[in-house]
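Have a look at the structure below before the remarks.
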Amino acid sequence: RKEVEQDPGPFNVPEGATVAFNCTYSNSASQSFFWYRQDCRKEPKLLMSVYSSGNEDGRFTAQLNRASQYISLLIRDSKLSDSATYLCVPFSGGYQKVTFGTGTKLQVIP
Amino acid sequence: DGGITQSPKYLFRKEGQNVTLSCEQNLNHDAMYWYRQDPGQGLRLIYYSQIVNDFQKGDIAEGYSVSREKKESFPLTVTSAQKNPTAFYLCASSSNTGGTYEQYFGPGTRLTVT
């Protein structure tokens, strides 16, 4: 099993829709999770950090399911500006190397 | 303004030449990282450094070298031994302030070798 697995998409959704995508991880020692968004030909930018069962920031909600080893990202009321690739990063502590998921591409359509 | 800077944004080199990519941060972060991203691919770790004068190989270190003489700086040299050097190179840094270790990225350097 890969360390991090994400459905590459693309997820094509209309403006205003709710969309969710999952990230599965293999290391059960992962304590925290980061979601990044990456726009085309740009650097990844931190969207959200998850240190417990979940986190919510405005229209974005992350939920962690430790038993099944996946974390989901839910985006409500999608905006055109949400179009990007979303990268998942499980983290098990310290300055050790992390593995980025290959990302899920979201395209919000007018 | 605090942040991570990478220069140049675009770099063109001839095959067989070594090239050094710059990465500087003024966030006072302890750790710094270099990643490579190929079109349609994820990020792959080249090297990382947790502290000055120390660094570790990542998953794809062959053909690359780094140094960490100052906390603020972590330059990456792409040597002629790297077989497919054309890629998007991203530098990141992180700190354990508050027990968090999120990585923050610079804007990247696009290297094209012909």
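First the proteins, then the strands, lettered A, B, ... as listed; each starts at 1. None of the values given here were measured: they were computed from a predicted structure. Atom set for the values below is all heavy atoms of this structure, side chains included, hydrogens, waters and symmetry mates excluded.
- No path of Ile, Leu, Val, Met, Phe, Trp and Tyr side chains, each step under 4.5 Å between heavy atoms, connects A:V50 with B:Y104, placing them in separate hydrophobic clusters.
- Cluster annotation: B:V66 is connected to B:L111 through the hydrophobic network of ILVMFWY side chains, with a link wherever side-chain heavy atoms come within less than 4.5 Å.
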Anything under 3.5 Å between a donor and an acceptor, one on a side chain of residues 52-61 of chain B, the other on a protein residue two or more places apart or in another chain? List them.
residue: B:D54; atom: OD2; partner: B:Q56; partner atom: NE2; Å: 2.8
residue: B:D59; atom: OD1; partner: A:K97; partner atom: NZ; Å: 2.6

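- In this structure, chain A has no heavy atom under 4.5 Å from any part of B:R44.
- From A:E43, atom CD reaches atom CD of B:Q6 across 8.0 Å, with rounding to the nearest 0.5 Å.
- B:F88 touches chain A through its side chain: at least one heavy atom from C-beta onward sits under 4.5 Å away, while N, CA, C and O do not.
- Between A:Y36 and B:Y35, the ring center distance fails the sub-6.0 Å criterion.
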Only pairs under 3.5 Å count here: list side-chain donor-acceptor contacts from residues 81-94 of chain A, not counting sequence neighbours, and write none if there are none.
residue: A:D82; atom: OD1; partner: A:R59; partner atom: NH2; Å: 3.0
residue: A:D82; atom: OD2; partner: A:R59; partner atom: NH1; Å: 2.8
residue: A:D82; atom: OD2; partner: A:R59; partner atom: NH2; Å: 3.3
residue: A:D82; atom: OD2; partner: A:K79; partner atom: N; Å: 2.8
residue: A:S83; atom: OG; partner: A:L80; partner atom: O; Å: 3.0
residue: A:S83; atom: OG; partner: A:V108; partner atom: N; Å: 2.9
residue: A:Y86; atom: OH; partner: A:D82; partner atom: O; Å: 2.6
residue: A:S92; atom: OG; partner: A:Q96; partner atom: OE1; Å: 3.4

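- The hydrophobic clustering, which links ILVMFWY residues whose side-chain heavy atoms are closer than 4.5 Å, places A:L46 and A:F33 apart.
- The hydrophobic cluster containing B:I46 also contains B:M32, counting ILVMFWY residues as joined when their side-chain heavy atoms lie under 4.5 angstrom apart, directly or transitively.
- Between B:Y101 and A:F34, the ring centre distance reaches or exceeds 6.0 Å.
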Expected list for residues 66-75 of chain A: side-chain donor-acceptor pairs under 3.5 angstrom, two or more places apart:
residue: A:R66; atom: NH1; partner: A:S30; partner atom: O; Å: 3.0
residue: A:R66; atom: NH2; partner: A:Q31; partner atom: O; Å: 3.1
residue: A:Q69; atom: NE2; partner: A:Y25; partner atom: O; Å: 2.8
residue: A:Q69; atom: NE2; partner: A:S26; partner atom: O; Å: 3.3
residue: A:S72; atom: OG; partner: A:Q63; partner atom: O; Å: 3.4

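- With a 4.5 Å cut-off on side-chain heavy atoms, A:T102 and B:Q41 do not count as touching.
- Transitive grouping of hydrophobic side chains (ILVMFWY, heavy atoms separated by less than 4.5 Å) keeps B:L45 and B:Y47 in distinct clusters.
- Only the side chain of A:Q38 comes within contact range of chain B, with heavy atoms under 4.5 Å apart.
- Among B:G108, B:P107, B:G42, the residue making the largest number of heavy-atom pairs under 4.5 Å with chain A is B:P107.
- At a heavy-atom separation below 4.5 angstrom, chain A is approached by no residue within residues 72-79 of chain B.
- Summarising the local packing, NZ of B:K71 is surrounded by more than 12 heavy atoms from other residues, nucleotides or ligands at distances under 6.0 Å.
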